[in-house]
> 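Provided herewith is a single structure, encoded as structure tokens, for subsequent inquiry.
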Number of protein chains: 2
Amino acid sequence: MPAPDSITDKLDQIQSGRESRGQRTRLGLQEAALRLLGHDKSFSSLSLREVTREAGIVPTAFYRHYQTMEELGQDLVADSFRTLRQMIRSVRTDGLPSSGNMIQGTVQVLVQHIHANRLHFQFIARERFGGYSSLRASIRDEIHAFGQDLATDLAQFPILNRWDPESVQMLTTLMVNTMVSIAEQILEAPANDAAAEAEIVRRAERQMVFISLAVPAWKPKAAKPA
Amino acid sequence: MPAPDSITDKLDQIQSGRESRGQRTRLGLQEAALRLLGHDKSFSSLSLREVTREAGIVPTAFYRHYQTMEELGQDLVADSFRTLRQMIRSVRTDGLPSSGNMIQGTVQVLVQHIHANRLHFQFIARERFGGYSSLRASIRDEIHAFGQDLATDLAQFPILNRWDPESVQMLTTLMVNTMVSIAEQILEAPANDAAAEAEIVRRAERQMVFISLAVPAWKPKAAKPA
DNA sequence: GGTGTTAGTGAACGTGTGTACACATCCTAG
DNA sequence: CTAGGATGTGTACACACGTTCACTAACACC
């Protein structure tokens, strides 16, 4: 395969140990911040020195990677939603588990993903209405984009396919709100309390079923042109 | 009416100018904190000195009223939900406006109340998942209590009156979530943008109508004994 | 193999913070 | 009128903070 140097090769050249030194400590800063947010702290009450201390680095080295804490926050937002998009994509290719019931499968995937990325979700939940307005804006936009993504998946249902776009968006907003609420409940529940969590899941499923019952009764404004 | 000294009289004795000095500056601290939260700041990133400075008081005087900032926060939570309960009570006695349509009336009252108590709502939204776990817990409990309150009002509908309690709670949870979402959208929208706000209200009403469509289709577990 | 860029270090600064303490002022009760 | 508790003041200290600067170490490239 005498292919010419690709972008991937270029990247590999920079990497000495899987990642360049810079990338590694940059990642270290992100993880340090997330770890600190796990305890009782909001991002805006997190100090630069605290983060660098947790990352095992001298405070001034922070500036090699970010001009300000707000920039770190933006990076964390982007990262969190990147993993969320991976979740959607994997569902699209591999399908849902417990394939008989779509709602149960969806909730199950969501909960698993929350557990696998607990700190990311905690960060998003905490900063969605936190101190930095730029972070609030980014998160709002990302959640909206997630809703749009969900809408395209929902289009597989013939009924919804004939709805006007605004009605579809209303449905997705409602579902996203529910999913956000589920995430927040899971995060707030005492970790490792399986019983409490099962109860949350059960209620969430009932709630989603309830919402779905409204679908056949809804009269969209105008049929979508075929 | 030669009634004996009542509690009210006792209170009046303490008050020199409508409120005792202590009460006044205590209130000053609360308002100062709320004002500061209006700008880009979360409560946990608010410093004791900042609050006292805004309140026009020397830092050490803070301790005459609260042991810690967290205590101030608890006071603010209690205050915010006290005004919320007033809203419910006034609706119960005076009824909804635009009495023809219950959903429109409800949304209208909510939005008016948010504007009249913008800072309180902003505080709650910001601290619902903010840095202090004790505040998160208090807010969660208060919201839950609000839902219970709503449930009793919903019981005026005969259909719901025959639902099992858990189904009713699911409905109220869904409605409370929607109302919280409305509040958050209103707060996040640029203040004094009437058009944007009208759009939010319109969408919220549609969403509430949609939810209500599921009610007739829902099959509660068991009929409530008459 | 030397050289220049990139990433991390260490000391130092001015400023803001929480809290302790002794003191001044207000207001009420006797 | 005055004694005493409640409320607010001013000073002081030890510490954490963000940011500066000159420095060293690591690594990529010719």
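Letters A, B, ... mirror the listed sequences (proteins, then strands); counts begin at 1.
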> Does anything in residues 33-42 of chain A reach DNA chain C, meaning a heavy atom under 4.0 Å, and if so which residues?
none
> Salt bridge (Lys or Arg N to Asp or Glu O under 4.0 Å) with A:R89: which residues, sequence neighbours excluded?
none
> Which residue pairs pass the ring pair (Phe, Tyr, Trp, His ring centres under 6.0 Å) test with at least one member in residues 47-82 of chain B, sequence neighbours excluded?
B:F62-B:Y66
> For nucleotides 6-19 of chain D, read 5' to 3', which letter fits each nucleotide if B means a protein heavy atom sits under 4.0 Å from the base, S means only the sugar-phosphate is that close, and - means neither?
-BBBB-B----BBB
> Among all residues two or more places apart in sequence or in another chain, which pass the salt bridge (Lys or Arg N to Asp or Glu O under 4.0 Å) test with B:E199?
B:R202, B:R203
> Do B:E70 and B:S134 pair up side chain to side chain, a donor and an acceptor below 3.5 Å, judged on atom types alone?
yes
> Please list, one pair per line, the donor and acceptor atoms closer than 3.5 Å that link side chains of residues 52-61 of chain A to other protein atoms, with sequence neighbours excluded.
residue, atom, partner, partner atom, Å
A:T52, OG1, A:L48, O, 3.3
A:T52, OG1, A:R49, O, 2.9
A:E54, OE2, A:R35, NH1, 2.5

> Any donor-acceptor pair under 3.5 Å linking the side chain of A:R206 with the backbone of B:M170?
no
> Are the side chains of A:F129 and B:E188 in touch, meaning some heavy atoms are under 4.5 Å apart?
yes
